[in-house]
Amino acid sequence: MTHATYARRQAARSWWRDGLEGSIYLLCAIGIAFAIADGALLATSALDGIYAAGRLTGIVAAILVLVQMTLISRAPFVERAFGHDRVAAVHTRLGKPVVILMLVHAGIITVVSAQYDGHSVLSQSAAFWELGWFMIAAQAALGIFLVIAATSLVAVRRRWRYERWHAVHLLVYVGVAAAVPHQFLEGSTFRDAGAAWWFWLVLYVLALGSFLLWRIVVPAIRTSAHGLRVASVEPLADGSTSIVLAGRGLDRLRARPGQFMLWRFLDRERWTEAHPYSLSRAPEADTLRLTVKPSGDHSRGLAALRPGTRVVAEGPLGVFTEDSAHAPGAVLVAAGIGITPMRALLEGDDAPAALIYRVRSRSEAPLLDEVAALAAERGVALHVVEGPRASTGWGTAAGETLASLVTDVADRDVYVCGPPAWTARVRDDARAAGVPRHAIHEERFGW
Ligand SMILES: Cc1cc2nc3c(=O)[nH]c(=O)nc-3n(C[C@H](O)[C@H](O)[C@H](O)COP(=O)(O)OP(=O)(O)OC[C@H]3O[C@@H](n4cnc5c(N)ncnc54)[C@H](O)[C@@H]3O)c2cc1C
């Protein structure tokens, strides 16, 4: 591929990304405009003004929840623009403002309504129930969102197992379902089937639709269409395990080297959990492979998988592919099990210029033989940086730098995958060598 093709691809992606980002602001603006058109700002007293602010915060909160749902729906149009880790990070970052906006909305509407009607705040909360079941559902929704926010606090999340936290987090969909009716049945902007009503209906259908389509319908169809099963489980000398999955028409998944999928193995021990693992070689029409290092319950247990086990795979996900590069001839930098997406990238359309593989010792380096053979075949300069961890830099006590190993690294895209602290050191070194921020691509093995 030529430099011009790379440049065109990046320009198209950045337009798409800017368009999607812009549409979030546009949706908030339209939602607020409909509320204003409905008289939200016709305040005749300070109390009316506060009540109007309460309505507007509810509207922005509702739009942001729908944006969050679309972001995490795994819809390809979102995934290809931003990449899964960035999408997951924005989804998480939006969580706090959404809950604050909901609290402000509920607080203002309750307190001001209590003032209007001469009730106490507590009796006003109960008085809302007379409006209909949907107000009880809305209050329950607020409670659910508060529980989710509390369990997402860093201090709580660190103590909880990922699976338990994730199970509680799924309640968000019950919360959304419980909150929607009060908007349509009580919110004054929504009551008449006018333009605002249609705007909200389309918004809900799109957000819920993408979620159902990409998280449930598409994986279910693909599971039955591809018939993915474990074909073989191969323990490797360094302690990791390669798992080959066989299926029909896997090229239709359009997975790219460097991508990962969320894998759910349908045996008794594992069917409840889906975990992300990268493809550890370029996908083929009838097989996919992943290579897993034991780090916790799930990854450790995969060595005991039985051939024939059925597998549900969501994805392919992620933008750690050569499609994200700005020019041919990237530099790949991996540590330990971070080699998996790099191994696949070595089989990409354009060969990378160099692969730097940081290992404690060659005997503990997953896939080293395969990587060495492929690098030799494709003319990729392989640097195995071997030795104990140094106190500074990403290499050994010898103080290797990217620029000392690849003299023209400043003109290349750098792909990094390894433990987070190590990845940060590689990023700092790449920046010091003159690699622009946008040409550094990271895959983090954890969100
Ligand atoms: C994009 C991506 C690609 C990855 N590719 C590989 C690979 O090719 N080979 C490999 O060995 N490892 C890979 N990992 C890491 C692997 O997913 C985790 O090591 C594994 O899920 C840990 O689960 P566990 O039960 O073994 O360990 P635990 O001790 O239960 O989990 C350790 C940490 O892993 C994360 N984690 C656990 N479960 C999940 C989940 N379902 N989804 C997201 N994060 C979770 C959490 O941050 C948790 O704190 C990848 C991770 C990501 C995000």
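For ligands, and for the atoms within them, numbers begin at 1 and follow the listed sequence. Scope of the values below: all heavy atoms of this structure, side chains included, with no hydrogens, waters or symmetry mates. No experiment lies behind these values; they were computed from the predicted model shown.
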Modelled atom types, side-chain donor and acceptor of Ser324 and Arg13, under 3.5 Å: yes
Near [X], which atoms of ligand 1 are under 4.0 Å from a heavy atom of that residue?
{"X": "Thr291", "value": "7 (C), 8 (O), 9 (N), 10 (C), 11 (O)"}
{"X": "Thr340", "value": "7 (C), 8 (O)"}
{"X": "Phe260", "value": "1 (C)"}
{"X": "Ile337", "value": "9 (N), 10 (C), 11 (O)"}
{"X": "His298", "value": "24 (P), 25 (O), 26 (O)"}
{"X": "Val292", "value": "11 (O)"}
{"X": "Ala274", "value": "40 (C), 41 (N)"}

Could an N or O of ligand 1 be found under 3.5 Å from any N or O of Arg300, whether backbone or side chain? no
Could you name the option among Ser240, Gly296, Ser295, Gly315 that has the heavy atom nearest to atom 22 (C) of ligand 1? Ser295
Examine the proximity of ligand 1 to His84 and report which part, side chain or backbone, both or neither, has a heavy atom under 4.0 Å away. neither
For [X], state whether at least one heavy atom is located under 4.0 Å from any atom of ligand 1.
{"X": "Arg444", "value": "yes"}
{"X": "Asp297", "value": "yes"}
{"X": "Lys293", "value": "yes"}

Is the gap between the ring centers of Phe211 and Tyr173 under 6.0 Å? yes
Judged by atom type as modelled, is there a donor-acceptor pair below 3.5 Å linking the side chain of Thr401 to the main-chain atoms of Ser404? yes
Taking Gln68's backbone N and O only, do any of them form a donor-acceptor pair with His91's side chain (distance below 3.5 Å, no angle check)? yes
In a check of side-chain contact (heavy atoms from CB on, under 4.5 Å) between Asp413 and each of His438, Glu322, His326, which one passes? His326
Run the salt-bridge test on Asp286 and Arg248 with the 4.0 Å N-O cut-off and return the result as yes or no. no
Any heavy-atom pair between the side chains of Leu142 and Gln139 that's under 4.5 Å? no
Side chains of Met69 and Leu208: does their closest heavy-atom pair fall under 4.5 Å? yes
What side-chain hydrogen bond (donor to acceptor under 3.5 Å, both in side chains) pairs are there with at least one residue in residues 274-285, not counting sequence neighbours? Glu163-His275, Glu273-His275, Tyr277-His298, Ser280-Arg289, Ser280-Thr291, Arg281-Thr287, Glu284-Thr287
